[in-house]
J.: 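Pasting a structure below so you can have a look.
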Amino acid sequence: MARVWADVERNIRLLDELLNEVGMSVEQIVQSYPEGDLYLRLLGLKGAWAEQDSKAIEERVKGTRHHRNHRDVRTYIGDLLLGWVMQDAVTMLLPKAGYECHPTGADATRQLLTGRQVTEEPDLRLRTPVGETWWLDVLTDYPMRQGALSYWLEKGWCDLRDNKFKRLMAKREEGAQVGLIGVSVGAKSYFGLALSDDLLVELENPPKRNRRIKRIETHWGYGGKPAISLNLRLLGVQFHPFHEFPKGLPFAEQMTD
């Protein structure tokens, strides 16, 4: 079922409730973007959304139909903005805990991109106090339409786009560590997961039982494109209350040794 604007409105409310736990808000973060006023109108948080705004953003995101996965333009951009907000909240929290952290990729300037400009680069680059480099993707999970607070907690699997997984794992070849930060917005919790080379081996040569990772060739949540699915239970993932962030993240655990 295609996502609609009502889904975005619900997610704005849930994300705001989550961020309030750490003294932030969706409006505060979006207002800091180069075109914050436009984005706030789009999200329905400040001022009225006008027809001329719709025409302006459609021109700005030309060629993104492949990325929109059956969403209309406003819903697509709304989802994009909420993803940026979550990434930036994480980027603001990590330095408070002693880590150097920067958004990466083509959309790091928080400006809308055409289809040709969109890349699958990891979301964040982090450097620990001991000089270790990590590349990270920030994933979000919202309540299911069937009523469960979290797909991850209900199903025990976490999915990400195939190309995102490939780009992330490619950073290991450059000598960096890579991982995921997954925030379950509805459950107000999060997890951290380091991705290791043995997952690539298992992906290409899957065991008959207890598969920690698998490829989904046609993932309808991503518009029928391939995805990688991770078994959170077999990978030993633990969820923590969001107000404890960044407790339990893989690089944070290393720092307490």
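Along the sequence shown, residues carry numbers from 1.
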J.: Measuring only between side-chain heavy atoms, which start at C-beta, is Trp84 closer than 4.5 Å to Tyr39?
T.: yes

J.: With a 4.5 Å limit on heavy-atom distance, are the side chains of Leu45 and Val30 in contact?
T.: no

J.: Is a salt bridge present between Glu35 and Arg41, judged by a nitrogen-to-oxygen distance below 4.0 Å?
T.: no

J.: Test: ring pair (Phe, Tyr, Trp, His ring centres under 6.0 Å). Region: residues 162-203. Which pairs qualify, not counting sequence neighbours?
T.: Trp152-Phe191, Tyr190-His240, Tyr190-Phe245, Phe191-Phe239

J.: Can you tell if the side chain of Arg110 reaches within under 4.5 Å of the side chain of Pro103, non-hydrogen atoms only?
T.: yes

J.: In chain order, what residues pass the salt bridge (charged side-chain N to carboxylate O under 4.0 Å, His left out) check against Arg127, with sequence neighbours excluded?
T.: none

J.: More than 12 heavy atoms of other residues, nucleotides or ligands under 6.0 Å from NZ of Lys247: is that the case?
T.: no

J.: Taking Ser229 for the side chain and Lys214 for the main chain, is one N or O donor matched with an acceptor at less than 3.5 Å?
T.: no

J.: Tell me if a side-chain donor or acceptor on Asp141 pairs with a main-chain N or O of Ser150 at a distance below 3.5 Å.
T.: no

J.: Locate the shortest heavy-atom distance separating Pro246 from Ala97; write the atom from each residue and the value.
T.: CG-CB, 3.6 Å

J.: Does any N or O in the side chain of Arg211 come within less than 3.5 Å of the main-chain N or O of Lys208, such that one atom is a donor and the other an acceptor?
T.: no

J.: Find the distance between CG (Leu168) and CG (Leu136) and round it off to the nearest 0.5 Å.
T.: 7.5 Å

J.: Given side chains that start at C-beta, do those of Gln31 and Asp37 come closer than 4.5 Å, heavy atoms only?
T.: yes

J.: Quick check: closest heavy atoms across Leu249 and Gly192, and the distance to 0.1 Å?
T.: CD2-CA, 3.5 Å

J.: Output, in order, the C-alpha distance, side-chain angles, deciding distance and verdict of side-chain contact (heavy atoms from CB on, under 4.5 Å) for Leu230 and Val237.
T.: CA-CA 10 Å; Leu230 299 164; Val237 162; over 6 Å; no

J.: Can you name the residues that form a salt bridge (charged side-chain N to carboxylate O under 4.0 Å, His left out) with Glu217, not counting sequence neighbours?
T.: none

J.: Minimum heavy-atom separation for Tyr99 and Thr128, please, with both atom names.
T.: CD2-CA, 3.9 Å

J.: Do the side chains of Pro143 and Arg10 get nearer than 4.5 Å, heavy atoms only?
T.: yes

J.: Can you confirm whether the side chains of Tyr142 and Asp7 place a donor and an acceptor under 3.5 Å from each other?
T.: no

J.: So, the side chain of Asn20 versus the backbone of Asp16: is there a donor-acceptor pair under 3.5 Å, distance only?
T.: yes

J.: Do Val201 and Asp197 come within less than 4.5 Å of each other through their side chains, counting heavy atoms only?
T.: no

J.: Please report the interatomic distance CZ(Arg233) to CH2(Trp157), rounded to the nearest 0.5 Å.
T.: 9.0 Å

J.: Locate the shortest heavy-atom distance separating Leu43 from Gly78; write the atom from each residue and the value.
T.: CD2-CA, 4.1 Å

J.: With sequence neighbours excluded, give me every ring pair (Phe, Tyr, Trp, His ring centres under 6.0 Å) pair touching residues 9-31.
T.: none

J.: Let me confirm one number: the OG-CG distance from Ser25 to Leu18, rounded to the nearest 0.5 Å.
T.: 12.0 Å

J.: Would you check if Leu81 and Val8 make a side-chain contact, meaning some heavy-atom pair closer than 4.5 Å?
T.: no

J.: Salt bridge or not between Glu51 and Lys55? Use side-chain N to carboxylate O under 4.0 Å.
T.: yes

J.: Might you work through the side-chain contact (heavy atoms from CB on, under 4.5 Å) test for Val178 and Met169, ending with a clear yes or no?
T.: CA-CA 7 Å; Val178 302; Met169 295 303 287; 4.0 Å; yes

J.: Less than 4.5 Å apart, any side-chain heavy atom of Met24 and any of Leu93?
T.: yes

J.: Are any of the side-chain nitrogens in Glu202 or Arg212 under 4.0 Å away from the carboxylate oxygens of its partner?
T.: yes

J.: Can you name the nearest heavy-atom pair linking Gln28 to Gly23, along with the distance?
T.: OE1-O, 3.9 Å

J.: Who pairs with Lys164 by salt bridge (charged side-chain N to carboxylate O under 4.0 Å, His left out), at least two apart in sequence or on another chain?
T.: Asp123, Asp137

J.: For side-chain contact (heavy atoms from CB on, under 4.5 Å), just list the numbers for Glu154 and Gln146, CA-CA rounded to whole Å, side-chain angles, deciding distance to a tenth of an Å, and then say yes or no.
T.: CA-CA 11 Å; Glu154 179 76 8; Gln146 295 87 341; over 6 Å; no

J.: Out of curiosity, Leu19 CG to Met92 CE, how far, rounded to the nearest 0.5 Å?
T.: 8.0 Å

J.: Counting distance only, does the side-chain N/O of Arg74 pair as donor-acceptor with the main-chain N or O of Leu42 below 3.5 Å?
T.: yes

J.: Evaluate the side-chain contact (heavy atoms from CB on, under 4.5 Å) criterion for residues Val73 and Ile57: first the C-alpha distance (whole Å), next the side-chain angles of each, then the deciding distance (0.1 Å), finally the verdict.
T.: CA-CA 8 Å; Val73 171; Ile57 62 165; 3.7 Å; yes

J.: Could you pull out all residues at least two apart from Arg125 that satisfy salt bridge (charged side-chain N to carboxylate O under 4.0 Å, His left out)?
T.: none

J.: Mind checking the SG-CG spacing from Cys158 to Leu153? Nearest 0.5 Å is all I need.
T.: 11.0 Å

J.: For Ala89 versus Ile29, what's the shortest heavy-atom pair and its separation?
T.: CB-CD1, 4.1 Å

J.: Within this structure, what is the CG-CG distance for the pair Leu180 and Leu235, rounded to the nearest 0.5 Å?
T.: 9.5 Å

